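All values derive from a computational prediction rather than experimental measurement.
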Amino acid sequence: MTPPALVPWPHAVTLDDTTTTVLDPARVVIEAEAPLEAARDWLRAELARTAGTGDAPPLRITLQLGAAPADVPPADGIAPDEAAPDERHTITIAPGEVTVTGPTPQAVLRGAATLVQLAEGLAGRLPVGRIADGPRLAWRGLMVDVVRHPFGVDEIRRVVDLLTRYKLNVLHLHLTDSDGWRLQSAARPGLDATSPGELITLRDLDELTAFAETRGVTILPEVDLPGHSLAATRAYPELTDGGMAARLGYVDPAAPGAESFIADTVTEFVQASRARFVHIGGDEPFGMPFEAYTRAVGLAVRAAHAAGSRVVAWQEAVRAGALGPGDLVQLWIGAETSIDADAKKAELPESAHRFVDQMVELFALAPGDGPAAAAAGLPVLLSSSDVLYLDRPYAEPAADADGEARRARLGFRDYPAKTLRQMFDWTPESLVAGLDVRIAGVEAAIWSETVDGFDDLAFLLLPRLPAAAERAWTREPTTWEDHSSRLRPHAGTWQATGWGAAYRPAHW
């Protein structure tokens, strides 16, 4: 049979479409044990969108806890949760009956996501047989910049649902930057006024986290320190030395009250989160003396540890030597990254030329960050800008005029445009070739400098996010031709679920 439109592709698929069972939402009964009620409710709502024939026989779907499939290896990497859930599962389809079995609620939810895709792609006529599946890597995420464009809580919920569909399990929220501080701060209330849009309250974050948990997604909050802090230093000018903090800004740990600011805000983020990890930023401390940077990163790491959290930090933080066992280094500066200093200076006023020189100096150190993480025994989270920064412009023409207009406007122009194939043709191992380092997981990233609204987000995320999801989930390499043929039918679901502004290349 033609491979069904499943993304990510499962580990083991044994299906026979010569015998089928019909799934009519009006004739489905879903049975689930108490711990699986959230998976049942999600599955019921998703299946309700599929077309029914009106005369199909009843279909019973049973969600149950049970043993993981023995033919699926356990996940590699590091889970975002304290108790790493086993996400392996089995789907068994027989005439009139479907059973989804896994050892944890997350495992059953992953199986339910496969069942939904199967029903959508085959118009509700399910082939009989078995699917046994489980993730390659335990950390499979997406970072969304909710500062430069202030996405609201309801929009973030929609992103969580998209992650559930493609079996991603981490939503990393970039909550502070030079443009503002989105998360409500009881420790430093002056930060609240810097939010570029509606403030995300502590209650909002708690409710969003609870919602994400029902979808098998962990919310990872990020407080970006000591760089990217212009909003913080505008609210509290005493935190910096003034002129040296031009453009992106940084918190100077030698300034009065700066040590307590770093400790208090990091602690607040830890306490506001249920996650095992907190992200402390650490990227692009342009203009900051190395000794000051090292001291500030050390303060942030110690505050997180003291509050009971492990740390994720952007790769520059490994240079400070402050990360400890259990912490993660997020490698984001791709091998293709280069800065044309002369061209950059030509775009900026002369007062910013020193800033460009600082960029060049810091990015020149990037090739040493992976080896430093390996030498320190620190696992790495893969977010290479080469293939995992989804705010990169599209290289192929879009299918219509609206898409072409968005393609011309969206994407960070410092990154050369790439084709969908180029954004797919990688493996986790290829991103750390030559390094003896443990891969914690994969995390795509979307920055919002060019984004004006939710439809822009949809355009940049889709169809590239499912490619990242497949690389993080599927053990056996899949080809672009195979992946793209399975992904194309998903465009109808994107249209039906509010993601209709997704990019459509002209050749699809």
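Relative ring orientation between F290 and Y293 is described as tilted, the plane-to-plane angle lying within the 30° to 60° band. Aromatic ring orientation, W499 versus F454: tilted (interplanar angle from 30° to 60°).
A centroid separation of 6.0 Å or more is found between the aromatic rings of H228 and F286. Taking the six-membered ring for Trp and the full ring otherwise, the centers of W139 and F277 sit less than 6.0 Å from each other.
The closest side-chain heavy-atom distance from S383 to M143 is not below 4.5 Å. Annotation: side chain of R464 is in contact with side chain of L420 (closest heavy-atom distance under 4.5 Å). Side-chain contact between W42 and D161: present, with at least one pair of heavy atoms (C-beta onward) separated by less than 4.5 Å.
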TODO: Applying salt bridge (Lys or Arg N to Asp or Glu O under 4.0 Å), run through D357 and K345 and close with a yes or a no.
DONE: CA-CA 9 Å; D357 292 335; K345 288 178 180 178; 2.9 Å; yes
- [ ] Report the C-alpha distance between Q330 and E443 in whole Å, list the side-chain angles of each, state the deciding distance to 0.1 Å, and finish with yes or no for side-chain hydrogen bond (donor to acceptor under 3.5 Å, both in side chains).
- [x] CA-CA 9 Å; Q330 189 160 5; E443 192 171 283; 2.9 Å; yes
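Y503 does not carry R406 over the face of its six-membered ring by the limits of under 6.0 Å from the centre and within 45° of the normal.
The one candidate from L173, V451, I200, D145 that meets the side chain to side chain contact (heavy atoms under 4.5 Å, CB included) condition with F151 is V451. Of the residues W447, W314, W332, F269, the one that meets the ring-ring contact (aromatic ring centres under 6.0 Å, His included) test with H174 is W447.
Distance check: L239 CG to R188 CZ gives 7.5 Å after rounding to the nearest 0.5 Å.
No side-chain donor-acceptor contact under 3.5 Å links E396 to the backbone of P505.
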